[in-house]
Amino acid sequence: MSVLAVNPIAKWPQTIDVHGARRSRSTLFLSHPPNIKPPFSLPLKNYSVSAILTKQDSQTDDKNRIFSTSPTLDFNKYMLEKASSVNKALEEAVLLQEPFKIHESMRYSLLAGGKRVRPMLCIAACELFGGEESTAMPAACAAEMIHTMSLMHDDLPCMDNDDLRRGKPTNHKVFGEDVAVLAGDAMLAFAFEYVATATRGVPAARIVRVLGELAKSIGSEGLVAGQVVDICSEGMAGVGLEHLEFIHHHKTAALLEGSVVMGAILGGGNEEEIAKLRKFAKCIGLLFQVVDDILDVTKSSQELGKTAGKDLVADKTTYPKLIGVQKSREFADDLNREAQEQLIHFDPKRAAPLIALANYIAYRDN
């Protein structure tokens with residue numbers, strides 16, 4: 001999580017999304033990838049990997065190029081407080097009840113720890129516009145539920161076949177493959193139920209829009225699209241940067257983007273503001289995966305809390321494999337800077353958590 005030659009961008013007829021906006025709809029079929037520029041490429045000034053590869057290596061300190069956070073923000077305290085709030089909400093949302101086996105399985109993975117980056121991004125985006133943590137919490141929890149579901153399914157023998165997740169045996173190793181599949185399915189369904197029934201203090205139209213955003217980020221044009229192209233690309237010769245960008249933009253970045261945008265919608269951002277937050281999220285979403293690729297080849301399983309080097313074993317295409325570790329780090333640095341540039345015109349104090357979260361994603365060790 002086949003050595004089939006897959007072209008994920010072969011056909012992109014226009015469709016109308018749930019909010020009336022035009023967007024591209026991918027039709028996946030087997031063929032040889034054509035040499036065309038995919039329409040999902042982001043219009044970011046410094047986003048191109050080729051630009052990273054050709055620019056002079058004149059930076060002496062990458063971190064000096066990234067905006068600093070507000071001196072009034074204690075980020076460690078912020079992380080601990082938000083993680084505590086999210087964990088409490090998750091614990092109360094998914095209760096241990098009949099049938100016990102399925103709820104034990106759900107809680108085992110959902111409450112096993114994790115960085116809670118997606119919920120924090122959702123809450124921080126909502127608070128950027130003056131919204132309350134409690135308003136964003138159901139959507140924040142839903143993003144974490146769906147992220148956890150994707151990990152449970154990704155670890156299955158038919159996918160990545162992994163034995164370790166968040167420093168513990170994977171769900172199917174404890175509860176069996178059948179229960180792990182069903183627990184993931186239940187978590188996915190409950191995520192939408194929880195947003196619909198637990199969100200308070202905002203107009204119903206915003207909640208409907210949030211549900212549409214969440215669905216789009218994880219379906220056959222979001223997370224699932226990235227997963228299936230990733231699977232079909234294992235062992236494929238000649239996979240290039242555009243193909244890899246498609247995988248990561250969908251498999252990893254889409255749910256991070258959805259988390260941020262849901263928070264912005266719930267907080268009351270206007271269309272222009274939401275567009276800036278979406279661009280911010282696209283950058284940090286890809287940044288997250290680029291850093292993951294780097295960590296996979298530079299850290300141990302003990303340090304990561306999951307199996308290290310599995311992409312290499314599976315013969316997957318990664319950024320370090322295509323452009324090397326150093327150029328991957330430079331690309332990550334530019335993504336971080338481009339993300340933070342989207343926040344320049346927002347209130348610095350309210351934007352500080354999002355800036356700090358972008359830096360956290362860029363410089364994390366696991």
Side-chain angles (χ1 to χ4, degrees), residues 1-3 83 86-87 89-119 141-191 194 218 223-224 226-235 247-248 251-252 255-256 288-289 291-316 318 364-366:
M1 174 171 330
S2 163
V3 292
V86 170
N87 288 334
L90 290 171
E91 175 103 31
E92 294 173 351
V94 182
L95 300 174
L96 186 58
Q97 58 188 356
E98 290 284 2
F100 288 115
K101 180 65 72 175
I102 195 74
H103 290 100
E104 285 174 351
S105 176
M106 293 167 68
R107 288 169 60 88
Y108 175 82
S109 292
L110 186 62
L111 304 179
K115 294 176 281 292
R116 308 307 192 202
V117 170
R118 290 155 190 83
C141 287
E144 189 66 16
M145 291 174 193
I146 290 172
H147 173 57
T148 301
M149 172 278 298
S150 74
L151 300 181
M152 292 165 67
H153 285 180
D154 199 38
D155 291 335
L156 290 167
C158 63
M159 300 281 277
D160 275 0
N161 193 24
D162 219 330
D163 297 339
L164 188 67
R165 175 68 67 180
R166 292 173 174 169
K168 299 172 64 176
T170 47
N171 197 286
H172 68 274
K173 287 293 181 181
V174 178
F175 296 95
E177 293 178 37
D178 47 3
V179 173
V181 170
L182 292 171
D185 292 345
M187 198 107 70
L188 175 61
F190 183 65
Y194 193 59
I218 63 173
L223 185 151
V224 171
Q227 288 278 33
V228 72
V229 176
D230 189 25
I231 290 169
C232 295
S233 299
E234 290 181 17
I247 293 171
H248 288 341
K251 180 180 176 180
T252 302
L255 184 55
L256 283 159
F288 193 98
Q289 187 58 54
V291 173
D292 253 13
D293 283 358
I294 294 169
L295 293 176
D296 190 64
V297 296
T298 60
K299 297 292 183 178
S300 68
S301 298
Q302 183 176 3
E303 289 172 306
L304 294 177
K306 60 183 180 180
T307 306
K310 63 180 182 179
D311 291 339
L312 185 64
V313 172
D315 196 24
K316 288 187 176 182
T318 64
R364 63 196 169 93
D365 293 320
N366 57 40

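All values reported here derive from a predicted model rather than from experimental measurement. If you read the sequence from its start, that first residue is 1, and numbering goes on from there.
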All side-chain contact (heavy atoms from CB on, under 4.5 Å) counterparts of A112, not counting sequence neighbours: R166, K168

Spatial distance of atom CG (D162) from atom OG1 (T170) [nearest 0.5 Å]: 6.5 Å

Any residue meeting side-chain contact (heavy atoms from CB on, under 4.5 Å) with K115, in chain and number order, not counting sequence neighbours: V117, F288, Y360, R364, N366

N87 side-chain N/O to A83 backbone N/O, donor-acceptor pair under 3.5 Å: yes

Minimum-distance pair of heavy atoms, taken over all atoms of M152 and S105: CE-OG, 4.1 Å

Separation between CG of D185 and NE2 of H153, rounded to the nearest 0.5 Å: 4.5 Å

Partners passing side-chain contact (heavy atoms from CB on, under 4.5 Å) against V174 (at least two apart in sequence or in another chain): Y108, P169

Which residues share a side chain to side chain donor-acceptor pair (under 3.5 Å) with T148, sequence neighbours left out: none

Straight-line distance of L295 CG to Q289 CD, nearest 0.5 Å: 10.0 Å

CG on D163 to NZ on K173, rounded to 0.5 Å: 4.0 Å

Backbone N/O of Q97 and side chain of H103: donor-acceptor pair under 3.5 Å: yes

CA sep, side-chain torsions, deciding dist, call: M145, L90, side chain to side chain contact (heavy atoms under 4.5 Å, CB included): CA-CA 8 Å; M145 291 174 193; L90 290 171; 4.3 Å; yes

For the student: nearest non-hydrogen atoms of A89 and Y194, plus distance: O-OH, 4.1 Å

Within-4.5 Å side-chain heavy-atom neighbours: L151 and S109: no

L188: partners by side-chain contact (heavy atoms from CB on, under 4.5 Å), with sequence neighbours left out: I146, M149, F192, I218

Closest approach of R118 to L255 (non-hydrogen atoms, all atoms of both residues): CD-CD2, 4.0 Å

Nearest-0.5 Å distance that lies between atom CG in D178 and atom NZ in K101: 9.5 Å

From R165 atom CZ to N171 atom CG, the distance as rounded to the nearest 0.5 Å: 11.0 Å

Results of side chain to side chain donor-acceptor pair (under 3.5 Å) for R107 - residues two or more places apart only: E91

Audit row: D155, M159, side chain to side chain contact (heavy atoms under 4.5 Å, CB included) steps and yes/no: CA-CA 6 Å; D155 291 335; M159 300 281 277; over 6 Å; no

